[in-house]
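Keep in mind that the numbers below use all heavy atoms, side chains included, and drop hydrogens, waters and symmetry copies. Residue numbers count from 1 along this sequence. Every number for a ligand or one of its atoms is a count from 1 in the order of the listing.
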Amino acid sequence: MRKPIIAGNWKMNKTPEEAAVLVKDLIPLVADAKCDVVVCPPAVCLSAVKSVVEGTNVRLGAQNVHFAEKGAFTGELSCDMLKAVGCEYVIIGHSERRQFFGETDKSVNKRTVAAVKAGLIPIICVGEMKDEREDGYTDAIVAYQTLMALTGLTPDEIKNVVVAYEPVWAIGTGLTATDEQANETIGVIRKAIEGRYGKDVADAVRIQYGGSMKGSNVKGLMSQPEIDGGLIGGASLKAADFAQVVNY
Ligand code: 13P
């Protein structure tokens, strides 16, 4: 059985001080969570959040990582830097990075491999645009993005990664994939992993849904057999809202 994992992607929100307040409020509300709970604040907040979540069941993740160990990569952060401030997880290939910052399937793969080799758990984001769904390319796109991201990892390493299926048209729009749509596409992702790496690997990988997931729709989504959790944007920015999702 896969343990569900609910992660908050705070995106470019919160100062370190605000971040510390948010997790302080969150910790008692999610102390009895049955799923893994992760928060992914902006990089400048990681240290502040680490000191608050230490010793609790709330785990820390970053929103991106570079593949090189160090060097002339202005604005980037290495795996070792993230681990040094307490990160265990890192989001890779979010559609906002793909759309606005030139992230490609190749760079997502390089970041993923570097993260895994360094002992970080990647949360690899995949998902189709609205027109791609309308034109019938969803399955091909999510399968390709997923398999590309995983290239170069061993089957055992793949068992430990997290994939987040985030249809781009559902992010921050209030539109959610229906429970059935999300379940079906996550099933496609799992089948693609099975086709390349076998059923035991595919059965182990946790695949989240992301895109306007919140307290009012979490139950339906989480009751679907293929959906192993959520990657939450807007509803992760208030402790009570995020707790409602975590405690579905
Ligand atoms: P929203 O929950 O705000 O739609 O964002 C989803 C997301 O992009 C999480 O990574």
Side-chain angles (χ1 to χ4, degrees), residues 4-14 18-19 22 26 30 35-43 45-46 49 58-65 82 87-101 103 108 111-112 115 120-130 132-133 138 141-142 145-146 149 161-179 181-182 185-186 189 206-222 224 227-248:
I5 174 167
I6 307 253
N9 174 10
W10 297 3
K11 307 190 181 183
M12 198 173 73
N13 294 287
K14 307 290 176 187
E18 292 165 345
L22 173 49
L26 178 69
V30 299
C35 59
D36 287 339
V37 183
V38 183
V39 291
C40 304
C45 302
L46 288 169
V49 172
V58 176
R59 297 279 170 269
L60 193 57
Q63 297 177 13
N64 189 22
V65 69
L82 297 182
C87 289
E88 295 172 56
Y89 293 84
V90 59
I91 297 170
I92 296 178
H94 192 280
S95 64
E96 285 148 18
R97 296 216 54 87
R98 293 177 190 256
Q99 271 182 285
F100 307 129
F101 302 101
E103 198 76 69
V108 168
R111 294 179 199 269
T112 300
L120 290 163
I121 299 176
I123 299 175
I124 304 159
C125 300
V126 302
E128 81 288 0
M129 316 275 279
K130 187 165 179 280
E132 293 168 336
R133 175 166 282 269
T138 298
I141 282 169
V142 297
Q145 288 180 341
T146 304
V161 309
V162 178
V163 176
Y165 167 54
E166 300 205 305
V168 179
W169 47 271
I171 295 176
T173 56
L175 296 173
T176 329
T178 64
D179 301 346
Q181 272 175 332
T185 305
I186 288 177
I189 294 169
R206 294 185 291 179
I207 310 180
Q208 303 170 310
Y209 169 76
S212 301
M213 195 165 172
K214 48 187 179 276
S216 58
N217 59 25
V218 62
K219 245 194 163 64
L221 288 160
M222 289 304 293
Q224 297 291 323
I227 304 181
D228 304 318
L231 186 55
I232 320 301
S236 70
L237 296 174
K238 286 196 183 131
D241 292 352
F242 189 53
Q244 224 187 332
V245 179
V246 168
N247 298 321
Y248 66 92

Review point. Can you list the residues that meet the salt bridge (charged side-chain N to carboxylate O under 4.0 Å, His left out) rule with Asp241, with sequence neighbours excluded?
Key: none

**Study point:** Electrostatic pair Arg97-Glu103, nearest N-O below 4.0 angstrom
**Key:** yes

Practice item. Compare every heavy atom of Ala164 with every heavy atom of Leu231, then report the nearest pair and how far apart it is. Key: CD2-CB, 3.8 Å

Review point. Which atom pair, heavy atoms only, marks the closest approach of Leu237 to Lys14?
Key: O-NZ, 3.3 Å

Counting only pairs under 3.5 Å, give me each side-chain donor-acceptor contact of residues 208-216, with atom names and distances, residues two or more places apart or in other chains.
{"from": "Gln208", "atom 1": "NE2", "to": "Ile5", "atom 2": "O", "distance (Å)": "3.0"}
{"from": "Gln208", "atom 1": "NE2", "to": "Gly230", "atom 2": "O", "distance (Å)": "3.1"}
{"from": "Tyr209", "atom 1": "OH", "to": "Ala177", "atom 2": "N", "distance (Å)": "3.1"}
{"from": "Tyr209", "atom 1": "OH", "to": "Gly211", "atom 2": "O", "distance (Å)": "2.8"}
{"from": "Ser212", "atom 1": "OG", "to": "Ala170", "atom 2": "O", "distance (Å)": "2.8"}
{"from": "Ser212", "atom 1": "OG", "to": "Gly174", "atom 2": "N", "distance (Å)": "2.9"}
{"from": "Ser212", "atom 1": "OG", "to": "Leu175", "atom 2": "O", "distance (Å)": "3.4"}

**Study point:** Glu132: salt bridge (charged side-chain N to carboxylate O under 4.0 Å, His left out) partners, not counting sequence neighbours
**Key:** none

Ligand 1: which protein N/O atoms lie under 3.5 Å from its N/O atoms?
{"from": "ligand 1", "atom 1": "2 (O)", "to": "Ser212", "atom 2": "N", "distance (Å)": "3.4"}
{"from": "ligand 1", "atom 1": "2 (O)", "to": "Gly233", "atom 2": "N", "distance (Å)": "2.9"}
{"from": "ligand 1", "atom 1": "3 (O)", "to": "Gly234", "atom 2": "N", "distance (Å)": "2.8"}
{"from": "ligand 1", "atom 1": "4 (O)", "to": "Gly172", "atom 2": "N", "distance (Å)": "2.6"}
{"from": "ligand 1", "atom 1": "4 (O)", "to": "Ser212", "atom 2": "N", "distance (Å)": "2.8"}
{"from": "ligand 1", "atom 1": "5 (O)", "to": "Lys11", "atom 2": "NZ", "distance (Å)": "3.3"}
{"from": "ligand 1", "atom 1": "8 (O)", "to": "Lys11", "atom 2": "NZ", "distance (Å)": "2.8"}
{"from": "ligand 1", "atom 1": "8 (O)", "to": "His94", "atom 2": "NE2", "distance (Å)": "2.8"}
{"from": "ligand 1", "atom 1": "8 (O)", "to": "Glu166", "atom 2": "OE1", "distance (Å)": "3.4"}
{"from": "ligand 1", "atom 1": "10 (O)", "to": "Asn9", "atom 2": "ND2", "distance (Å)": "3.0"}
{"from": "ligand 1", "atom 1": "10 (O)", "to": "His94", "atom 2": "NE2", "distance (Å)": "2.9"}
{"from": "ligand 1", "atom 1": "10 (O)", "to": "Glu166", "atom 2": "OE1", "distance (Å)": "3.2"}
{"from": "ligand 1", "atom 1": "10 (O)", "to": "Glu166", "atom 2": "OE2", "distance (Å)": "2.9"}

